[in-house]
Amino acid sequence: MRVLGIESSCDETAAAVVQDGSRLLSNVVHTQVDIHAKYGGVIPKVAARSHIETVLPVIEQALQDSNSTWDDIDAIGITYAPGLSGSLLVGATTAKTIAHIKQKPLYPIHHVQAHVYASFITEQNDHLSLLLPSSQPKFPLLALIVSGGHSQLVLFYSHEKFEILGETQDDAVGEAFDKVAKILGLPYPGGPSVSRAAELGDETAYKLPISKLDNPYNFSFSGLKTAVLRAVQKEVGVDYTFPSHELKELLNDVQRQNFAASFQTTAIETLVRPTLQAIDEYNPASLVIAGGVAANTKLREALQSRTDLELQYPPIQLCTDNAAMIATLTYYQAQHQPPVDPTSLDIVPSMSMSEIYN
Ligand code: KG4
Ligand code: ZN
(Lines give C-alpha, C1' and ligand atoms only; values in the text may rest on other atoms or scores of the structure.)
(Ligands and ions follow the chains in the order given, each with its own letter.)
Protein backbone atom coordinates (compact mmCIF):
# COMPACT_ATOMS: atom_id res chain seq x y z
CA MET A 1 0.00 0.00 0.00
CA ARG A 2 1.51 3.30 -1.13
CA VAL A 3 0.38 6.29 0.93
CA LEU A 4 0.78 10.00 0.25
CA GLY A 5 0.98 11.95 3.53
CA ILE A 6 0.32 15.69 3.73
CA GLU A 7 1.20 17.86 6.76
CA SER A 8 0.61 21.59 7.31
CA SER A 9 -0.36 21.97 10.99
CA CYS A 10 2.16 24.67 11.93
CA ASP A 11 5.02 26.19 9.95
CA GLU A 12 6.18 23.27 7.79
CA THR A 13 4.49 22.36 4.51
CA ALA A 14 5.31 18.72 3.92
CA ALA A 15 4.40 15.78 1.69
CA ALA A 16 5.86 12.27 1.63
CA VAL A 17 5.20 8.87 0.11
CA VAL A 18 5.59 5.76 2.28
CA GLN A 19 5.20 2.12 1.21
CA ASP A 20 3.52 -0.33 3.63
CA GLY A 21 4.14 1.79 6.72
CA SER A 22 7.90 1.23 6.73
CA ARG A 23 9.62 2.25 3.49
CA LEU A 24 10.16 5.94 2.83
CA LEU A 25 9.98 6.66 -0.91
CA SER A 26 10.10 10.45 -0.70
CA ASN A 27 10.14 13.15 1.97
CA VAL A 28 9.66 16.82 1.07
CA VAL A 29 9.57 19.50 3.79
CA HIS A 30 9.29 23.21 3.08
CA THR A 31 10.06 25.00 6.32
CA GLN A 32 8.99 28.58 7.04
CA VAL A 33 11.45 28.96 9.90
CA ASP A 34 13.31 31.85 8.19
CA ILE A 35 10.05 33.73 7.62
CA HIS A 36 9.03 33.49 11.31
CA ALA A 37 12.51 33.88 12.85
CA LYS A 38 12.40 37.66 12.56
CA TYR A 39 9.21 37.75 14.67
CA GLY A 40 10.61 35.30 17.26
CA GLY A 41 7.68 32.89 16.77
CA VAL A 42 5.10 31.61 14.29
CA ILE A 43 2.65 34.23 12.97
CA PRO A 44 -0.50 32.19 12.08
CA LYS A 45 -1.67 34.35 9.15
CA VAL A 46 1.77 34.42 7.57
CA ALA A 47 2.04 30.64 8.03
CA ALA A 48 -1.29 29.97 6.30
CA ARG A 49 -0.38 32.18 3.36
CA SER A 50 2.93 30.40 2.88
CA HIS A 51 1.18 26.98 2.99
CA ILE A 52 -1.14 28.15 0.19
CA GLU A 53 1.84 29.03 -1.98
CA THR A 54 3.82 25.85 -1.38
CA VAL A 55 1.41 22.98 -0.75
CA LEU A 56 0.87 21.95 -4.38
CA PRO A 57 4.54 22.16 -5.48
CA VAL A 58 5.54 20.21 -2.34
CA ILE A 59 3.02 17.43 -3.16
CA GLU A 60 4.16 17.33 -6.81
CA GLN A 61 7.77 17.04 -5.66
CA ALA A 62 6.95 14.21 -3.25
CA LEU A 63 5.24 12.25 -6.04
CA GLN A 64 8.10 12.87 -8.45
CA ASP A 65 10.83 11.95 -5.92
CA SER A 66 9.03 8.68 -5.17
CA ASN A 67 8.66 7.86 -8.89
CA SER A 68 4.90 7.65 -8.39
CA THR A 69 2.04 8.74 -10.58
CA TRP A 70 -1.40 9.33 -9.06
CA ASP A 71 -2.33 5.81 -10.20
CA ASP A 72 0.33 4.38 -7.85
CA ILE A 73 -1.09 6.14 -4.78
CA ASP A 74 -3.47 3.89 -2.81
CA ALA A 75 -4.46 6.32 -0.06
CA ILE A 76 -3.95 9.84 1.27
CA GLY A 77 -3.32 10.74 4.92
CA ILE A 78 -3.85 14.30 6.12
CA THR A 79 -3.17 16.03 9.45
CA TYR A 80 -6.56 17.28 10.69
CA ALA A 81 -5.61 17.96 14.33
CA PRO A 82 -4.14 19.63 16.32
CA GLY A 83 -2.49 22.81 15.04
CA LEU A 84 -3.06 26.36 13.83
CA SER A 85 -6.50 26.55 12.21
CA GLY A 86 -5.44 28.47 9.10
CA SER A 87 -2.47 26.16 8.55
CA LEU A 88 -4.50 22.97 9.05
CA LEU A 89 -7.21 24.26 6.75
CA VAL A 90 -4.85 24.70 3.78
CA GLY A 91 -3.55 21.12 3.96
CA ALA A 92 -6.98 19.63 4.71
CA THR A 93 -8.74 21.48 1.88
CA THR A 94 -6.01 20.42 -0.54
CA ALA A 95 -6.16 16.77 0.57
CA LYS A 96 -9.97 16.67 0.44
CA THR A 97 -10.01 18.09 -3.06
CA ILE A 98 -7.35 15.71 -4.36
CA ALA A 99 -9.00 12.70 -2.68
CA HIS A 100 -12.31 13.63 -4.28
CA ILE A 101 -10.96 14.31 -7.77
CA LYS A 102 -8.52 11.37 -7.89
CA GLN A 103 -10.93 9.02 -6.07
CA LYS A 104 -8.47 8.04 -3.33
CA PRO A 105 -9.39 6.89 0.21
CA LEU A 106 -8.69 9.70 2.69
CA TYR A 107 -7.57 9.16 6.31
CA PRO A 108 -7.59 11.92 8.96
CA ILE A 109 -4.40 11.77 11.03
CA HIS A 110 -3.66 13.17 14.49
CA HIS A 111 -0.34 15.01 14.33
CA VAL A 112 0.88 14.14 17.84
CA GLN A 113 0.18 10.43 17.47
CA ALA A 114 1.93 10.53 14.08
CA HIS A 115 5.18 11.79 15.65
CA VAL A 116 5.58 8.33 17.24
CA TYR A 117 5.18 6.64 13.85
CA ALA A 118 8.31 8.30 12.44
CA SER A 119 10.10 5.54 14.38
CA PHE A 120 8.38 2.86 12.28
CA ILE A 121 10.27 3.94 9.15
CA THR A 122 13.17 1.52 8.75
CA GLU A 123 13.82 1.52 4.98
CA GLN A 124 14.21 4.20 2.34
CA ASN A 125 14.87 4.87 -1.31
CA ASP A 126 18.54 5.47 -2.10
CA HIS A 127 18.26 9.21 -2.75
CA LEU A 128 17.17 9.91 0.85
CA SER A 129 20.17 8.64 2.90
CA LEU A 130 18.67 9.22 6.37
CA LEU A 131 20.11 7.46 9.41
CA LEU A 132 17.16 5.12 10.02
CA PRO A 133 16.67 2.64 12.88
CA SER A 134 17.23 -0.99 11.84
CA SER A 135 14.01 -2.36 13.34
CA GLN A 136 10.55 -1.16 14.25
CA PRO A 137 9.52 -0.61 17.89
CA LYS A 138 7.55 -3.40 19.59
CA PHE A 139 4.42 -3.30 21.73
CA PRO A 140 3.78 -2.44 24.47
CA LEU A 141 5.53 0.74 23.40
CA LEU A 142 6.19 3.61 25.78
CA ALA A 143 6.43 6.92 23.90
CA LEU A 144 7.74 10.20 25.25
CA ILE A 145 6.27 12.72 22.82
CA VAL A 146 7.95 16.09 23.17
CA SER A 147 7.34 18.92 20.73
CA GLY A 148 6.65 22.63 20.50
CA GLY A 149 2.97 22.12 21.29
CA HIS A 150 2.83 18.85 23.23
CA SER A 151 4.57 16.89 25.97
CA GLN A 152 3.13 13.56 26.96
CA LEU A 153 3.88 10.01 27.99
CA VAL A 154 1.78 7.50 26.08
CA LEU A 155 1.64 3.71 26.38
CA PHE A 156 0.67 2.02 23.10
CA TYR A 157 -0.64 -1.53 23.57
CA SER A 158 -1.02 -1.98 19.80
CA HIS A 159 -1.59 0.14 16.69
CA GLU A 160 -5.22 0.32 17.76
CA LYS A 161 -5.03 0.95 21.47
CA PHE A 162 -3.11 3.43 23.57
CA GLU A 163 -3.36 5.09 26.97
CA ILE A 164 -2.10 8.55 27.93
CA LEU A 165 -0.17 8.13 31.20
CA GLY A 166 0.59 11.81 31.67
CA GLU A 167 0.93 15.13 29.93
CA THR A 168 2.00 18.68 30.48
CA GLN A 169 -0.30 20.75 32.66
CA ASP A 170 0.78 24.03 31.06
CA ASP A 171 3.58 24.74 28.55
CA ALA A 172 5.01 22.07 26.26
CA VAL A 173 8.73 21.47 26.72
CA GLY A 174 9.59 22.81 23.24
CA GLU A 175 7.59 25.94 24.06
CA ALA A 176 9.66 26.33 27.25
CA PHE A 177 12.88 26.08 25.18
CA ASP A 178 11.47 28.72 22.81
CA LYS A 179 10.43 31.08 25.64
CA VAL A 180 13.71 30.73 27.54
CA ALA A 181 15.61 31.41 24.29
CA LYS A 182 13.67 34.68 23.97
CA ILE A 183 14.57 35.73 27.53
CA LEU A 184 18.24 34.91 26.90
CA GLY A 185 18.32 36.59 23.49
CA LEU A 186 19.00 33.35 21.58
CA PRO A 187 17.49 32.92 18.09
CA TYR A 188 14.20 31.19 17.21
CA PRO A 189 13.56 28.25 17.25
CA GLY A 190 14.79 28.05 20.82
CA GLY A 191 15.45 24.29 21.06
CA PRO A 192 18.51 24.11 18.83
CA SER A 193 19.87 27.53 19.91
CA VAL A 194 19.51 26.82 23.66
CA SER A 195 21.17 23.41 23.30
CA ARG A 196 24.04 24.93 21.28
CA ALA A 197 24.61 27.65 23.91
CA ALA A 198 24.31 25.02 26.67
CA GLU A 199 27.28 23.08 25.28
CA LEU A 200 29.58 25.86 26.47
CA GLY A 201 27.79 26.52 29.78
CA ASP A 202 27.94 25.22 33.36
CA GLU A 203 24.75 23.29 34.11
CA THR A 204 25.25 23.72 37.88
CA ALA A 205 25.55 27.52 37.72
CA TYR A 206 21.91 28.19 38.62
CA LYS A 207 19.62 26.01 40.74
CA LEU A 208 16.23 25.70 39.04
CA PRO A 209 13.13 23.82 40.27
CA ILE A 210 11.72 20.51 39.01
CA SER A 211 7.94 20.59 39.32
CA LYS A 212 6.24 17.96 41.50
CA LEU A 213 2.67 17.03 40.58
CA ASP A 214 0.08 14.64 42.04
CA ASN A 215 0.16 12.38 38.97
CA PRO A 216 3.82 11.29 38.71
CA TYR A 217 3.50 11.06 34.90
CA ASN A 218 2.36 14.65 34.38
CA PHE A 219 4.82 17.45 33.62
CA SER A 220 4.84 21.21 34.12
CA PHE A 221 7.22 23.68 32.54
CA SER A 222 5.69 27.05 33.27
CA GLY A 223 7.25 27.25 36.79
CA LEU A 224 10.67 26.45 35.31
CA LYS A 225 10.31 29.19 32.69
CA THR A 226 9.35 31.73 35.40
CA ALA A 227 12.24 30.54 37.59
CA VAL A 228 14.65 31.25 34.69
CA LEU A 229 13.12 34.72 34.29
CA ARG A 230 13.50 35.52 38.02
CA ALA A 231 17.04 34.13 38.16
CA VAL A 232 18.08 36.23 35.13
CA GLN A 233 16.55 39.36 36.72
CA LYS A 234 18.42 38.63 39.95
CA GLU A 235 21.68 37.92 38.13
CA VAL A 236 21.65 41.23 36.24
CA GLY A 237 20.48 43.17 39.30
CA VAL A 238 16.95 44.27 38.37
CA ASP A 239 13.63 43.49 40.10
CA TYR A 240 10.71 41.33 38.91
CA THR A 241 8.95 44.27 37.22
CA PHE A 242 11.79 44.67 34.70
CA PRO A 243 10.50 43.73 31.19
CA SER A 244 11.64 40.26 30.10
CA HIS A 245 12.37 41.34 26.51
CA GLU A 246 14.96 43.85 27.68
CA LEU A 247 16.95 41.41 29.83
CA LYS A 248 18.94 39.96 26.95
CA GLU A 249 20.93 43.18 26.54
CA LEU A 250 22.12 42.96 30.14
CA LEU A 251 23.44 39.39 29.92
CA ASN A 252 26.97 38.48 28.88
CA ASP A 253 27.80 35.32 26.89
CA VAL A 254 28.98 33.31 29.88
CA GLN A 255 25.78 34.04 31.83
CA ARG A 256 23.72 33.21 28.73
CA GLN A 257 25.48 29.87 28.27
CA ASN A 258 25.19 29.03 31.97
CA PHE A 259 21.47 29.79 31.98
CA ALA A 260 20.97 27.73 28.82
CA ALA A 261 22.82 24.75 30.36
CA SER A 262 21.07 25.00 33.75
CA PHE A 263 17.65 25.27 32.10
CA GLN A 264 18.28 22.43 29.65
CA THR A 265 19.48 20.06 32.39
CA THR A 266 16.43 20.83 34.55
CA ALA A 267 13.99 20.50 31.63
CA ILE A 268 15.54 17.14 30.71
CA GLU A 269 15.36 15.87 34.30
CA THR A 270 11.69 16.93 34.39
CA LEU A 271 11.08 14.58 31.43
CA VAL A 272 13.41 11.73 32.37
CA ARG A 273 12.10 11.05 35.91
CA PRO A 274 8.47 10.26 34.93
CA THR A 275 9.66 8.26 31.92
CA LEU A 276 11.88 6.04 34.09
CA GLN A 277 9.04 5.57 36.57
CA ALA A 278 6.72 4.50 33.72
CA ILE A 279 9.32 1.99 32.50
CA ASP A 280 9.44 0.47 35.99
CA GLU A 281 5.69 0.29 36.34
CA TYR A 282 4.66 -0.84 32.84
CA ASN A 283 7.71 -2.79 31.65
CA PRO A 284 7.33 -1.80 27.97
CA ALA A 285 9.03 -3.76 25.16
CA SER A 286 10.15 -0.53 23.46
CA LEU A 287 10.91 3.03 24.44
CA VAL A 288 10.44 5.69 21.75
CA ILE A 289 11.19 9.39 21.95
CA ALA A 290 9.36 11.50 19.37
CA GLY A 291 8.66 15.11 18.36
CA GLY A 292 10.90 18.11 17.74
CA VAL A 293 12.54 18.03 21.18
CA ALA A 294 13.60 14.40 20.53
CA ALA A 295 16.28 16.03 18.35
CA ASN A 296 17.98 17.07 21.61
CA THR A 297 21.00 14.79 22.01
CA LYS A 298 21.44 15.56 25.73
CA LEU A 299 17.88 14.36 26.37
CA ARG A 300 18.56 11.14 24.46
CA GLU A 301 21.79 10.54 26.35
CA ALA A 302 20.22 11.30 29.73
CA LEU A 303 17.40 8.81 29.11
CA GLN A 304 19.58 6.09 27.61
CA SER A 305 22.15 6.27 30.40
CA ARG A 306 19.49 5.45 33.00
CA THR A 307 17.64 2.51 31.42
CA ASP A 308 18.64 -0.85 29.94
CA LEU A 309 15.80 -0.58 27.44
CA GLU A 310 17.13 0.54 24.06
CA LEU A 311 15.92 4.06 23.30
CA GLN A 312 14.53 4.30 19.76
CA TYR A 313 14.18 7.55 17.86
CA PRO A 314 13.91 8.71 14.28
CA PRO A 315 16.66 10.65 12.47
CA ILE A 316 16.56 14.39 13.19
CA GLN A 317 14.82 15.10 9.85
CA LEU A 318 11.88 12.94 11.01
CA CYS A 319 11.82 14.26 14.62
CA THR A 320 10.63 17.72 13.60
CA ASP A 321 7.43 18.14 11.60
CA ASN A 322 7.25 16.08 8.40
CA ALA A 323 4.73 14.16 6.33
CA ALA A 324 6.55 10.80 6.39
CA MET A 325 5.15 10.23 9.89
CA ILE A 326 1.66 11.12 8.61
CA ALA A 327 1.87 8.64 5.71
CA THR A 328 3.25 5.93 8.03
CA LEU A 329 0.47 6.24 10.61
CA THR A 330 -2.07 6.32 7.76
CA TYR A 331 -1.00 2.82 6.72
CA TYR A 332 -1.54 1.36 10.22
CA GLN A 333 -4.77 3.29 10.76
CA ALA A 334 -6.09 1.99 7.42
CA GLN A 335 -5.70 -1.61 8.70
CA HIS A 336 -8.43 -1.09 11.30
CA GLN A 337 -10.39 2.02 10.33
CA PRO A 338 -12.41 2.94 7.25
CA PRO A 339 -11.51 6.07 5.26
CA VAL A 340 -13.63 9.21 5.66
CA ASP A 341 -15.87 10.89 3.13
CA PRO A 342 -13.68 13.79 1.88
CA THR A 343 -16.59 16.22 1.92
CA SER A 344 -17.22 15.59 5.64
CA LEU A 345 -13.66 15.93 6.95
CA ASP A 346 -13.22 18.87 9.33
CA ILE A 347 -10.09 20.17 11.01
CA VAL A 348 -9.96 20.16 14.85
CA PRO A 349 -7.30 22.70 15.90
CA SER A 350 -7.23 21.93 19.63
CA MET A 351 -7.85 18.21 19.87
CA SER A 352 -5.81 16.23 22.39
CA MET A 353 -4.73 12.64 21.71
CA SER A 354 -7.04 11.61 24.56
CA GLU A 355 -10.01 12.50 22.34
CA ILE A 356 -9.01 9.96 19.65
CA TYR A 357 -11.35 6.99 19.80
CA ASN A 358 -9.29 3.85 20.49
O1 KG4 B 1 7.54 18.60 16.52
P2 KG4 B 1 7.90 19.99 16.14
O3 KG4 B 1 8.71 20.21 14.90
O4 KG4 B 1 6.63 20.89 16.01
C5 KG4 B 1 5.50 20.70 16.84
O6 KG4 B 1 4.71 19.79 16.56
O7 KG4 B 1 5.43 21.46 17.83
O8 KG4 B 1 8.67 20.61 17.40
C9 KG4 B 1 9.20 21.90 17.40
C10 KG4 B 1 9.83 22.16 18.75
C11 KG4 B 1 10.25 23.62 18.93
O12 KG4 B 1 9.73 24.09 20.16
C13 KG4 B 1 11.78 23.53 18.97
O14 KG4 B 1 12.36 24.54 19.77
C15 KG4 B 1 12.00 22.14 19.53
O16 KG4 B 1 11.01 21.35 18.92
N17 KG4 B 1 13.34 21.61 19.22
C18 KG4 B 1 14.25 21.31 20.17
C19 KG4 B 1 15.42 20.90 19.47
N20 KG4 B 1 15.17 20.95 18.13
C21 KG4 B 1 13.88 21.37 18.00
N22 KG4 B 1 14.19 21.38 21.50
C23 KG4 B 1 15.29 21.05 22.20
N24 KG4 B 1 16.45 20.67 21.63
C25 KG4 B 1 16.57 20.57 20.28
N26 KG4 B 1 17.73 20.20 19.74
ZN1 ZN C 1 4.99 18.28 15.55
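Please read all numbers here as calculations on a predicted model, not as lab measurements. Every number for a ligand or one of its atoms is a count from 1 in the order of the listing.
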Check your understanding: Evaluating non-hydrogen atoms only, which member of I145, D11, D178 is closest to atom 11 (C) of ligand 1?
Key -> D178
Review point. For the residue pair F120 and Y117, does the interplanar ring angle fall in the parallel (under 30°), tilted (30 to 60°) or perpendicular (over 60°) class?
Key: parallel
Review point. For ligand 1, is P192 a contact, meaning one of its heavy atoms is under 4.0 Å away?
Key: yes
Check your understanding: Regarding Q312 and S119, is there a side-chain donor-to-acceptor distance under 3.5 Å anywhere?
Key -> no
Check your understanding: Would you say the side-chain atoms of T241 and D239 include a donor-acceptor pair closer than 3.5 Å?
Key -> yes
Practice item. Specify the protein heavy atom at minimum distance from atom 17 (N) of ligand 1: its residue, its atom name, and the distance to 0.1 Å. Key: G292 O, 3.6 Å
Review point. Hey, does H115 sit under 4.0 Å from ligand 1 if you only count heavy atoms?
Key: yes
Practice item. Could you tell me whether R273 and E269 make a salt bridge, using a distance below 4.0 angstrom between a side-chain N and a carboxylate O? Key: yes
Practice item. Mark up the atoms of ligand 1 that fall under 4.0 Å of a heavy atom belonging to G149, in ascending order. Key: 7 (O)
Practice item. Have a look at the Zn ion (ligand 2) and estimate, to 10 degrees, the angle subtended by NE2 (H115) and NE2 (H111). Key: 100°
Practice item. Report yes if the distance between the aromatic ring centroids of F263 and F177 is under 6.0 Å, otherwise no. Key: yes
Practice item. Could you walk me through whether Y206 and F259 pass ring pair (Phe, Tyr, Trp, His ring centres under 6.0 Å), step by step? Key: CA-CA 7 Å; Y206 304 101; F259 272 116; 3.7 Å; yes
Practice item. Assign the ring pair Y282 / Y217 to parallel, tilted or perpendicular, where the plane angle (0 to 90°) is split at 30° and 60°. Key: tilted
Point to revise | Exam field: side chain K298 to backbone A261, donor-acceptor pair closer than 3.5 Å | key: no
Review point. Which residue holds the protein heavy atom closest to atom 24 (N) of ligand 1, what is that atom called, and what is the gap in Å?
Key: N296 ND2, 3.0 Å
Practice item. Determine whether the side chains of S8 and H51 contain a donor N or O and an acceptor N or O closer than 3.5 Å. Key: no
**Study point:** For atom 9 (C) of ligand 1, closest protein heavy-atom neighbour
**Key:** G148 N, 3.7 Å
Point to revise | Proximal ligand 1 atoms for S195, defined as those under 4.0 Å from one of its heavy atoms | key: 26 (N)
Exercise for review: May I ask you to identify the nearest protein heavy atom to atom 15 (C) of ligand 1, giving residue, atom name and distance to one decimal place in Å?
Suggested key: V293 CG2, 3.9 Å
Check your understanding: Which protein heavy atom lies closest to atom 2 (P) of ligand 1, and at what distance to 0.1 Å?
Key -> D321 OD1, 3.3 Å
**Study point:** Side chains of E235 and N258, donor plus acceptor under 3.5 Å
**Key:** no
Check your understanding: Any idea which atoms of ligand 1 are less than 4.0 Å away from a heavy-atom of T320?
Key -> 3 (O)
Review point. What atoms in ligand 1 come closer than 4.0 Å to a heavy atom of H111?
Key: 6 (O)
Revision key, fill the gap. Of all the N, O or S atoms in D321, the one nearest to the Zn ion (ligand 2) is OD1
**Study point:** Residue pair T122 / Q136, side-chain donor-acceptor N/O under 3.5 Å
**Key:** no
Revision key, fill the gap. If we number the atoms of ligand 1 from 1 as shown, the ones under 4.0 Å from a heavy atom of G174 are 12 (O)
Practice item. Can you figure out which of A267, G41, G191, A181 has its heavy atom closest to atom 23 (C) of ligand 1? Key: G191
Check your understanding: Is there a heavy atom in H150 that sits closer than 4.0 Å to ligand 1?
Key -> no
